[in-house]
Amino acid sequence: MEKIKMTTPLVEMDGDEMTRILWKMIKDELLLPYIDLKTEYYDLGLEHRNETDDQVTIDSAEATKKYGVAVKCATITPNAARMTEYNLKEMWKSPNGTIRAALDGTVFRAPIVVKGIEPCVRNWEKPITLARHAYGDVYKNTEIKVPGAGRAELVFTAEDGSEIRETIHNFAGSGILQGIHNTDESISSFAKACFNYALDTKQDLWFATKDTISKKYDHNFKDIFQDIYEKEYAGKFEKAGIEYFYTLIDDAVARVMKAKGGFIWACKNYDGDVMSDMVSSAFGSLAMMTSVLVSPSGVYEYEAAHGTVQRHYYKHLKGEETSTNSVATIFAWTGALRKRGELDSIPELVTFADKLEQATLQTIENGKMTKDLALITSLTDVTVLNSGNFIKAVRDTYEEL
């Protein structure tokens with residue numbers, strides 16, 4: 001069978017640890033036999049990021065702007081332990097944070113729903129989509145370890161030299177400081193992306209911050225959302241029969257747990273990071289969630305919304321068998337290939353992506369799955385497959401469709 005031709009490359013961002021192993025398996029078993037795969041490859045593995053002083057991450061983001069669609073493997077964000085393990089020059093920032101800052105936009109994450117894997121929250125009947133702001137806050141922070149007594153100040157110096165100055169804290173001893181920021185432009189892009197996505201998918205939109213405590217920072221998010229909604233979207237939402245409302249983040253958490261699903265929950269950067277893991281885990285597994293970054297300029301970056309599966313990687317290095325769930329990584333590839341096919345008018349590529357997703361879900365529904373799903377499935381007579389054999393089972397299912 002002739003392979004599907006591509007006209008424009010995908011930006012391919014390779015990653016770390018067990019997900020890097022899965023990445024190669026997926027390409028070898030599920031993609032290269034069927035597609036004349038064209039990618040512009042960037043190695044975002046921690047060793048190579050360290051060798052290039054993290055320039056490779058910046059280059060991959062610029063390439064994404066050029067080509068319009070990227071697919072990314074999970075990567076390590078180093079901590080003190082990783083500094084020693086990888087002999088790093090410095091504690092490099094989150095590659096996701098760097099890429100999101102370069103592209104701006106919003107990360108949309110939704111659980112991959114499959115028969116036999118029921119949500120822990122019994123009343124959730126439909127997927128809950130997390131819309132996560134993709135710029136600023138703690139992911140673009142500046143931090144100081146305070147050595148001793150002294151005064152910490154927040155200072156803004158305008159272009160004309162005038163200053164706004166606020167005391168943060170008078171330290172009696174050592175401590176820590178963190179400075180975060182955001183921009184009205186990025187918040188506005190976030191708001192519009194959420195409103196447009198809600199209209200496209202005909203789902204209600206919730207937005208939540210903590211403006212009662214953060215009366216300037218979080219309140220600014222709330223005000224910008226409300227202003228844009230009233231000026232540009234209120235009539236469109238009413239016509240579509242959907243609702244937008246704002247609530248406090250703690251109230252949203254309580255309401256989500258009692259809801260039936262089928263809506264978009266918009267969160268600031270950190271809130272979205274945490275809540276998307278909670279939602280995906282409650283729906284079944286962290287490895288059962290799609291994630292796509294959509295920029296205001298129409299650039300798309302698809303990834304798995306989970307980590308590098310460090311524990312399994314160490315087992316793999318010892319020659320031990322692992323049963324690592326690759327579904328989210330498969331869906332990152334299918335999402336990127338589908339979008340590439342849509343943008344380049346290659347219907348065969350779109351059909352391939354749809355069929356591969358169908359094969360992945362059908363494999364699980366047929367009782368063939370990785371250990372994490374076998375532990376929670378309602379299906380009986382289940383076969384637990386190791387990492388490689390699950391991917392091969394998906395290929396077998398694909399061939400049968």
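Being a predicted model, the structure only gives us computed values, none of them experimental.
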Full working for side-chain contact (heavy atoms from CB on, under 4.5 Å) between I264 and Y197: CA-CA 9 Å; I264 301 163; Y197 198 79; 3.6 Å; yes
Contacts under 3.5 angstrom, residues 40-49 side chains, donor-acceptor by atom type, not counting sequence neighbours:
unit_1 : atom_1 : unit_2 : atom_2 : d
E40    : OE1    : Y67    : OH     : 3.0
E40    : OE2    : Y42    : OH     : 2.5
Y41    : OH     : D14    : OD2    : 2.7
D43    : OD1    : R20    : NH1    : 2.9
D43    : OD1    : R20    : NH2    : 3.4
D43    : OD1    : G45    : N      : 2.9
D43    : OD2    : R20    : NH2    : 3.3
H48    : ND1    : D43    : O      : 3.0
R49    : NE     : L44    : O      : 2.7
R49    : NH1    : I76    : O      : 3.0
R49    : NH2    : D16    : OD2    : 2.9
R49    : NH2    : L44    : O      : 3.3
R49    : NH2    : I76    : O      : 2.9

Test item: side-chain donor near acceptor, E230 and Y244, under 3.5 Å: no
Shortest non-hydrogen contact from M289 toward A328: O-CB, 3.5 Å
Which atom of G341 lies closest to which atom of V350, heavy atoms considered: C-CG2, 3.8 Å
Salt-bridge contact E301-K339 (side-chain N to carboxylate O under 4.0 Å): no
Electrostatic pair D53:K89 at N-O distance under 4.0 angstrom: yes
Side-chain donor-acceptor pair present, R338, Y300, cut-off under 3.5 Å: no
Row check, Y233 ring normal vs K236 NZ/CZ: under 6.0 Å, within 45°: yes
Test applied, side chain to side chain contact (heavy atoms under 4.5 Å, CB included); reference residue, Q203; option that passes from L199, T201, D200: T201
Polar contact flag, side-chain donor to acceptor under 3.5 angstrom, Y313-T19: no
Under the salt bridge (Lys or Arg N to Asp or Glu O under 4.0 Å) test, residues paired with E153 that sit two or more places apart: R151, R165
Modelled atom types, side-chain donor and acceptor of T142 and H181, under 3.5 Å: no
Pair N96, K72: side-chain N/O donor-acceptor within cut-off below 3.5 Å: yes
Test log, rule side-chain contact (heavy atoms from CB on, under 4.5 Å), inputs Y139 and D273: CA-CA 11 Å; Y139 301 87; D273 189 358; 2.4 Å; yes
Pair Y135 + F190: ring centers closer than 6.0 Å: no
R340, K27, K38 screened by salt bridge (Lys or Arg N to Asp or Glu O under 4.0 Å) with E12, the one that passes: K27
Distance-only side-chain donor-acceptor flag, Q362 / T397, under 3.5 Å: no
E118: partners by salt bridge (Lys or Arg N to Asp or Glu O under 4.0 Å), with sequence neighbours left out: none
Within the 6.0 Å centroid threshold, strictly below: F225 and F195: yes
